[in-house]
Enquirer: 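Would you mind keeping the following structure in view while I ask a few things?
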Amino acid sequence: MPSSLSSRRSKKIHHTFTHHIHPQACRTLEQHPKNMAESPITARTKDFAAWYQDVVLSGDMAEPAEIVKGCMVIRPNGYAVWEVLQRELDTRFKETGHQNVYFPLLIPQSFLQKEAEHVEGFAPELAVVTIAGGKKLEEPYVIRPTSETIIGHFFAKWIQSYRDLPLLYNQWANVIRWELRTRMFLRTTEFLWQEGHTAHSSHEEAKEEVLRMLDVYADVAENVMAMPVIKGVKTNNEKFAGALRSFCIESMMQNGLALQAGTSHDLGQNFGKAFDVKFQSKEGQLDYVWQTSWGVSTRLIGGLIMSHSDDKGLVLPPKLAPNKSVLVPIYRKDEERASVLETASKIAKEIGAKLDDREGQNPGAKFYHWERRGVPVVLELGPRDVASGNIVMKRRDTGAKEILPQADVAAKLPVLLDQMQKDLFASAQKRLKDNTVLANSIGEVEEILKTVTAEKGGGKFVMAHIKDDAVCDARVKEFKATIRCIPLQDEYDGPGNCIVTGEPVSHRVVVAKAY
RNA sequence: CGGGCUGUGGCGCAGCCUGGUAGCGCGCUUGCUUGGGGUGCAAGAGGUCCCGGGUUCGAAUCCCGGCAGCCCGACCA
């Protein structure tokens, strides 16, 4: 099968070498003069978007499906990361009292139309099934873009009394949204996600739930993915179709672009009314339920990649790495092979490392192999180490090598992994801080953001006083930026006057270009 | 959905302008060799040149249509 994708990238590299011929490029070539078993990775500074593609492909994370527009195949390393993420999230969902459920993939078309804003928001991106079993369906089904409607239908069936509340459900599922422009993990036609759906007897309780789950997302993003986030509220203009309020976590990628990493919606009684989900209160009053929904998707993996990876390929934070460490044995002769492998397998077993005992591959080839797949720590064990009782330990992010006694590795490895996790978070946090700037006029904001692109980078989070008003959203959109969120916590200078309308606002908002 | 670029063994590419039976590097297989960052040698396998139509004695090459990918824009969780 042709890979037009790679060919395009490669062509770019070719152009760069022939036309510009900067010394750096030549040096890069000299470093890899021999067999390039796998494709080179475009440098971030050269073309961030191409770099991202290269990392996804060479990291064995995913590839474009090609035969299905806008869809991707999630490859073993990518899916393994997703499984770790799922586990981390799911554990927290359970801890906060939620149960997993599963609803149909197909939703009667009329359901979408019951909530006016919802249908308006999703209609353009629906895929619809009109024929099934060889016959035209009386009523078409839409393939779910999200499940508020079908779940609303069942909530109405299951809820009668305040005693049935709260209903705290979560669904792991795939959804389809017919997006016009797709990028692997960041926006694909079909994607995997979880969607939480809850129903409550009071707005207060629902709002608590919304913030609780936002906190769960922030916790996973920062403490598992090592990806710092800003918790905030979307402007009315940017909120979820059908919600009262949408909360989000926003993170900054290495090119300074924003990525919405998760959302939690206060649906109010909108879907309760649309699907007639009523309950009788303790006082005997009939009222509509207050609902929430919240979700994160495989997009998180895109964020993970663009947060930590480098020009050598994928970098995975230890807590998300399917293989935290890999041990590469090195040997020359058969008698060396036997003793090295014996020690290596003993150590690997002891510390839970994957032993790369593949034959016919040089150690060097193995190092490259694991490097571009983001394995946090690679251990090297050769005849010299067997003799001396040492082992070599190398971390992926800094490239630092350490020689230590084999007896110490079981104790040192977890410490190193922990340190790497912390360092990755710290450097991502530093980047966020370094690239966050204040602006006090809309012209200034525009000046900072107007030339920013996904390829060239240079993106910033611009903190400015801007009112939550459609006029302001439109003004910011003129230079292709958006108000990412109104932070829940003001870390700056408090109230000020809106730089578009002049009206007073409580604090600065985040303006940025985004994926 | 509009604009630009692209699609040739598994991967990266050349060939296309100026039509004449498809080539290179890497990978792959086998054997030997080598092994602390992509080891070397030898022999071999592998291709509907994205799909469909047209022009032509003859199409990877020219023309038309479609599909897919990447970037920009519009759209969008």
Side-chain angles (χ1 to χ4, degrees), chain A residues 1-15 31-40 42 47-50 52-54 57-58 63-72 121-125 145-146 175 177-184 186-189 191 193 195 234 238-241 243 246 248 250 259-265 293-297 299 312 328-333 336-337 340 359-372 378-386 390-392 394 399 401 403 453-456 477 480 482 484 514-515:
Chain A
M1 277 288 116
S3 175
S4 45
L5 175 120
S6 320
S7 80
R8 196 195 130 272
R9 195 240 316 113
S10 186
K11 203 145 237 173
K12 268 192 182 170
I13 291 170
H14 179 71
H15 285 323
Q31 277 168 0
H32 304 282
K34 298 173 185 166
N35 311 326
M36 295 296 285
E38 296 169 87
S39 313
T42 307
D47 183 337
F48 192 86
Y52 175 75
Q53 290 286 326
D54 292 342
L57 291 168
S58 65
E63 66 182 54
E66 293 192 325
I67 47 162
V68 187
K69 187 183 171 73
C71 292
M72 64 176 170
F122 281 103
E125 41 186 297
T146 180
V175 291
R177 298 180 184 178
W178 214 258
E179 303 285 358
L180 296 175
R181 185 175 178 185
T182 56
R183 306 176 202 238
M184 282 190 284
L186 301 173
R187 177 172 288 108
T188 45
T189 301
F191 56 95
W193 78 342
E195 44 180 329
K234 284 292 180 193
E238 295 273 326
K239 70 175 198 230
F240 176 74
S246 287
C248 63
E250 293 285 331
L259 183 76
Q260 180 177 298
T263 47
S264 187
H265 312 293
S293 68
W294 27 274
V296 295
S297 70
R299 166 181 264 201
K312 291 174 178 172
V328 176
I330 298 155
Y331 42 79
R332 238 180 277 260
K333 300 156 192 159
E336 283 176 351
R337 180 176 177 274
V340 165
E359 291 296 338
Q361 286 255 42
N362 283 333
K366 291 179 180 178
F367 296 146
Y368 279 100
H369 179 85
W370 297 113
E371 182 170 73
R372 50 177 54 212
V378 172
L379 299 139
E380 308 173 19
L381 186 85
R384 295 204 300 259
D385 305 303
V386 172
N390 287 331
I391 188 163
V392 180
K394 183 181 181 184
K401 266 188 187 180
I403 300 172
T453 66
E455 302 67 51
K456 290 184 216 146
K477 202 174 175 182
K480 296 166 188 19
T482 43
R484 299 313 303 158
Y515 277 102

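So that the names make sense, note that chain A is the first sequence line, chain B the second, and so on, each numbered from 1.
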Enquirer: So which one's nearest nucleotide on RNA chain B is more toward 5', A:F367 or A:H265?
Expert: A:F367
Enquirer: Answer yes or no: side-chain N or O of A:R332 and base N or O of B:G35 forming a donor-acceptor pair under 3.5 Å.
Expert: no
Enquirer: Using the closest heavy atom to pick a nucleotide of RNA chain B for each, name whichever of A:E250 or A:I330 lands nearer the 5' end.
Expert: A:I330
Enquirer: Starting at atom CD1 of A:I391, determine the distance to atom C1' of B:G36, rounded to an integer number of angstrom.
Expert: 13 Å
Enquirer: Atom CD of A:E66 and atom C1' of B:C50: how far apart are they, to the nearest Å?
Expert: 9 Å
Enquirer: I need the CD1-C1' distance between A:I403 and B:G36, as an integer number of Å.
Expert: 10 Å
Enquirer: Can you see which heavy atom on A:E359 is nearest to which on A:Y331, and at what distance?
Expert: OE2-OH, 3.2 Å
Enquirer: Just jot down the salt bridge (charged side-chain N to carboxylate O under 4.0 Å, His left out) partners of A:K401, sequence neighbours excluded, or say none.
Expert: A:E380
Enquirer: Determine the interatomic distance between P on B:A43 and the same-named atom on B:G7; round to the nearest Å.
Expert: 33 Å
Enquirer: Take the protein atom CZ of A:F48 and the nucleotide atom P of B:C70, then report the distance between them rounded to whole Å.
Expert: 16 Å
Enquirer: Using modelled atom types and a 3.5 Å cut-off, is there a donor and acceptor pairing between side-chain atoms of A:S246 and backbone atoms of A:F240?
Expert: yes
Enquirer: Please measure how far the C1' atom in B:U29 lies from the corresponding atom in B:C70, and state the result in whole Å.
Expert: 34 Å
Enquirer: Figure out the CG/P separation between A:N390 and B:G36, and round it to whole Å.
Expert: 19 Å
Enquirer: Would you mind classifying the nucleic acid contact of A:P383 as base, sugar-phosphate or nothing, using non-hydrogen atoms under 4.0 angstrom?
Expert: base
Enquirer: Using atom CG of A:L180 as one end and atom C1' of B:G73 as the other, report the distance to the nearest whole Å.
Expert: 11 Å
Enquirer: I'd like the C1' distance from B:G9 over to B:A45, given in whole Å.
Expert: 11 Å
Enquirer: Say you pick atom P in B:A59 and the same atom in B:G52; how far apart are they, in whole Å?
Expert: 14 Å
Enquirer: Could you check how far CG of A:N362 sits from P of B:U33, rounded to whole Å?
Expert: 15 Å
Enquirer: What is the distance from CG of A:L379 to P of B:G36, rounded to the nearest Å?
Expert: 17 Å
Enquirer: How is A:G70 classified with respect to the nucleic acid when contacts are heavy atoms under 4.0 Å: base, sugar-phosphate, or nothing?
Expert: sugar-phosphate
Enquirer: Under 4.0 Å, heavy atoms only, any strand: does A:E380 hit a base, just the sugar-phosphate, or nothing?
Expert: base
Enquirer: Which base, if any, makes a Watson-Crick or G-U wobble pair with B:G36, both distances under 3.5 Å?
Expert: none
Enquirer: Roughly how far apart, to the nearest Å, are B:C75 and B:A14 at atom P?
Expert: 36 Å
Enquirer: Please give me the minimum heavy-atom distance between A:P329 and A:V340, naming the atom from each residue.
Expert: CB-CG1, 3.7 Å
Enquirer: Could you pull out all residues at least two apart from A:R299 that satisfy salt bridge (charged side-chain N to carboxylate O under 4.0 Å, His left out)?
Expert: none
Enquirer: Check this for me: does the side-chain of A:R183 come within 3.5 Å of the base of B:C70 through a donor and an acceptor?
Expert: no
Enquirer: Describe the nucleic acid contact of A:V328 in one word from base, sugar-phosphate, nothing, applying a heavy-atom distance below 4.0 Å.
Expert: nothing
Enquirer: Can you tell me how far C1' in B:G53 sits from the matching atom in B:C67, rounded to whole Å?
Expert: 14 Å
Enquirer: How far does the C1' atom of B:G47 sit from the matching atom of B:U33, given to the nearest Å?
Expert: 31 Å
Enquirer: Is any side-chain N or O of A:K480 closer than 4.0 Å to OP1 or OP2 of B:A74?
Expert: yes
Enquirer: Considering all heavy atoms of both residues, which atom of A:V296 and which atom of A:A261 are nearest to each other, and what is their separation?
Expert: CG1-O, 3.5 Å
Enquirer: Please state the P separation for the pair B:G23 and B:U48 - nearest whole angstrom.
Expert: 15 Å
Enquirer: Name the nucleic acid region contacted by A:E336, choosing base, sugar-phosphate or nothing; use a 4.0 angstrom heavy-atom cut-off, strictly under.
Expert: nothing
